[in-house]
K.L.:
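Below you will find the structure I want to go over with you.
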Amino acid sequence: MDRKPESEIESSIISEQAKTDKSLDLLYLQPSSKTSPREIGKSRVRLPCYKAVLPLSVTTSFLLDIFLTSCNKQKFLISEQTPNSITATQTLTSTMRNFFTCILPLSEDKKAKTSSIVRIDVRVNEKNCARVVTVKGIHGFPNRICQVIQVFKELLEKAGTEYFKENKEDNDYIVLNFQTVFYQISRILSNAESPAGKLCLCFTEEFWKRYGDIQLAAQNTRVMMSFIKSSIDGINDIIGKNIHSHSRLAIEKFVFTKIFPHIKKIYCEKKSEVAIRLHQKKEENHLKTDEELMRQLDIKSKFCIVGVKNPYFAAIESLNSLDKHNCPIDKLNCILESTTHMKTTIIDYWHGKEELETMDDQLPVIIFIVFKTYLETFPAQIDFLLDYSRVNTGMDNENRLLINYEAAVSFILSDM
Amino acid sequence: MDSVKEFKIVTLGEGRVGKTSLTLKFARNEFHDNEISTVQANFIQKDVQLDGGIQVRLNIWDTAGQERFRALAPNYYRQANGAVIAYDITDAGSFNKVKAWVKELQSQADKDISIVIAGNKCDRESERQISAQDAIDYANSINAAHFNSSAKSGKGVNELYTEIARRVYAVHQKNAKANPQLSNSRGGRRVRVTNDEPQKPKNKNCC
C-alpha cells in the first residue's frame, strides 16, 4: 500500500467526514513540531475516533481481524483483548531517554510520541439490527492513531466492496441474513426435544392458561406483555448467544407469530369502545374534504400541501399497514416510517426550505393522518405497541412517537 | 465506572414561545454523536454532567403548546420527572399560561415533579413585558427555579437544563434513600454502565 504523508491522511479522513457521515467522528491535532504540552493535553480528549454502522453480517471476529492487521502494519502491539474489543499500544524504541521523558511531567509532547494507544470496540445494536464498530485513540499522538484508523478504514472498505460484488445479484442481503437466522431459530424452537423448544412450548401453554380468556386478559395487558418479554428473554438466554447476535429479534418474531392473533383480540377487546367512537367520528366527518379537515385542525397553510391530491398519502398508508405484521418491531417500523413520510412530504414539497419540526406543527398533521387511516384496529394496535415499548428498555423515542398517535386518537374523539 | 440515570423532562409552554428552539439549542450547541439518539427535534436525549462527576441523561420531550391541544398534555407529562415551562418575556399572556401549567402539574402530574421556568427570548430585552423580578418571585413561591434564556444566543440554556437535571437527580436520591426498593421504578432508570473518558468540562456562563 502506498504510504501517504500523515497530514494528507488526516485531511482526507476529515474531508470525508465532512462530506458523508456524521457517525464518522474523527478529531485530530494538526501535526506540528511545535505542539505544546497544553495542546497534547487537549488532544487526549479529542483523539481520533472512527465509528461505522455495519450490517450484522459483518462479524465481530472479521472486524477484529482487520483491526489486528491494521495494528500490525503500524507496529501497534496488542495489550488487551476481549471478545468484543482489542486495545493496542505502540511504544517506540525503549531508550533511557524515552524512559525519562515518560516520567518527566514537563514533556507531555514527547511522552505522547513515546506511547500511543488505540482501541476497537464492536457492539451490536439489536434494535436496528446493526453492528457498530468504534476505533478510537485512547492516549498518545493523534497522527499515529490516525494511521491505524486509516488502514483499518481502507481494509474495511476493500472488504466491503468485495462483499457487495459477491452479493451483487441480491441487494437484500441484510434481510436474507435475518431470514436465515429466523429460520435457524424457528427450527430450534419448533423442536420440542431441544431445551429452548421445550421452554417455548411451556411458555405457549402457560400463555394460553393465563390469557386464554380475552376479557380477563384485557384487564391487565401490561402484565401480559411483561410475561411475554421475560419469556422471550429466557429463551434467548438459552440459545441466543450461540446462534447470532440478533437472535432475540428472531425469537420475538417466532413467538409473536404464534400468539399475536390472540393478543390482537385481547387489545381489540380492550379498546373496543374507543374503536367504535373513532369510527363514528370518522363517519360524522367523512364528507369533509382534506382542505376542510386541515382548516379545522389549524394546520399551517405551508403544511397543507395545497394542490396535491391525497397529501400525506404515504404516511397514511404506512399506518394502514400496521395490521399486516405480527411482530411488534415490524409494527414499530410502520410507525417510524409514517413519521418519516410525514416529514419528507414537507421537505419534498418545499424543496427543503420548510420542515415539520416542532410539536406545535407536527401534532395537527399527525391528527389529520390518523383521521385518514382506515384501520379499524388502530387504537388497539397503538395500545399494544405502547405496552411493548414500555416493557422493553431503550424505546423512549418509539414510546414518545406512539404517544403522539394515542393523543391524536384522543383529540379526534373529543374535539372533532 | 459510573451508572447513568435517565430522567424524563417535558417542555411545556404556550405555542411560539420557543420550546423547540430551547431544546435544540441545548442539544446541538455541543454535538456528540452518542448523546443524541434521534434527529427529531421533539425528542432529545442528552447527558448532563453534574457536580461531583455525576452524569445523568435527560430525555427531553417537546409538546404542542396550542390551547386546543391542552387536553392532550397529560399524555406527555405522565411519569415526567421534571418540567421546563417556557414563556416569552415579550408576551405577558405567555407568562399567565405558565401559572396555569404549574397549577395543572401540581394537581395532575407526579407530586415530586421538578419545575424550572424559562423566560425565553431574553435577547429582546427592550421588548420585555414581564419583570424579571416578578418572574423570579413567582418561581420562588412555587419552589421552582427561574432562568432568563435565549435560544438565539444560547444564554441561560445550558444552565436551565443543568438545573433541572440537578433537581430531578436530587429528588431521585431523596426517594432512593426513603425507599431503596422503589428507587428505580420511575425516574432515575439505570440505563448503562460507562467507563468512557471524562467529558470536557462545560462552560459555566452566568445567565
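Chain letters run A, B, ... following the sequence lines, proteins first and then strands; every chain starts at 1.
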K.L.:
How long is the span from the CD1 atom in I403(A) to the OG1 atom in T63(B), to the nearest 0.5 Å?
P.N.:
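Atom-to-atom, I403(A):CD1 and T63(B):OG1 are 12.0 Å apart.
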K.L.:
For atom NZ of K300(A), is the number of surrounding heavy atoms from other residues, nucleotides or ligands below 6.0 Å larger than 12?
P.N.:
yes
K.L.:
If you measure from OG1 on T20(B) to CG on D361(A), what distance do you get to the nearest 0.5 Å?
P.N.:
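That separation rounds to 8.0 Å.
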K.L.:
Check whether any side-chain heavy atom of M359(A) sits under 4.5 Å from a side-chain heavy atom of F69(B), and report yes or no.
P.N.:
no
K.L.:
Going by heavy atoms in the side chains, are D396(A) and W61(B) under 4.5 Å from each other?
P.N.:
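They are not in side-chain contact.
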K.L.:
Shortest non-hydrogen contact from A407(A) to L72(B)?
P.N.:
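Heavy atoms only, the tightest pair is O-CD2, 3.3 Å.
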K.L.:
Any side-chain heavy atom of R400(A) within less than 4.5 Å of one from N59(B)?
P.N.:
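No, their side chains stay 4.5 Å or more apart.
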K.L.:
Looking at K19(B), R68(B), R16(B), which hits salt bridge (Lys or Arg N to Asp or Glu O under 4.0 Å) with D360(A)?
P.N.:
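Single pass found, and it is K19(B).
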K.L.:
For atom NZ of K152(B), decide whether the heavy atoms of other residues, nucleotides or ligands shown that lie under 6.0 angstrom number more than 12.
P.N.:
no
K.L.:
Under the side chain to side chain donor-acceptor pair (under 3.5 Å) rule, what pairs show up with a residue in residues 405-416 of chain A, not counting sequence neighbours?
P.N.:
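Matches after skipping sequence neighbours: T339(A)-Y405(A).
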K.L.:
Do other residues, nucleotides or ligands put more than 12 heavy atoms under 6.0 Å from the CD atom of Q81(A)?
P.N.:
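Counting neighbours around CD of Q81(A), more than 12 heavy atoms of other residues, nucleotides or ligands fall under 6.0 Å, so yes.
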K.L.:
Is it the case that over 12 heavy atoms from other parts of the model lie below 6.0 angstrom from the NZ atom of K288(A)?
P.N.:
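Enclosed: over 12 neighbouring heavy atoms sit under 6.0 Å from NZ of K288(A).
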K.L.:
Out of curiosity, E6(B) CD to T393(A) OG1, how far, rounded to the nearest 0.5 Å?
P.N.:
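One gets 9.0 Å once the value is rounded to the nearest 0.5 Å.
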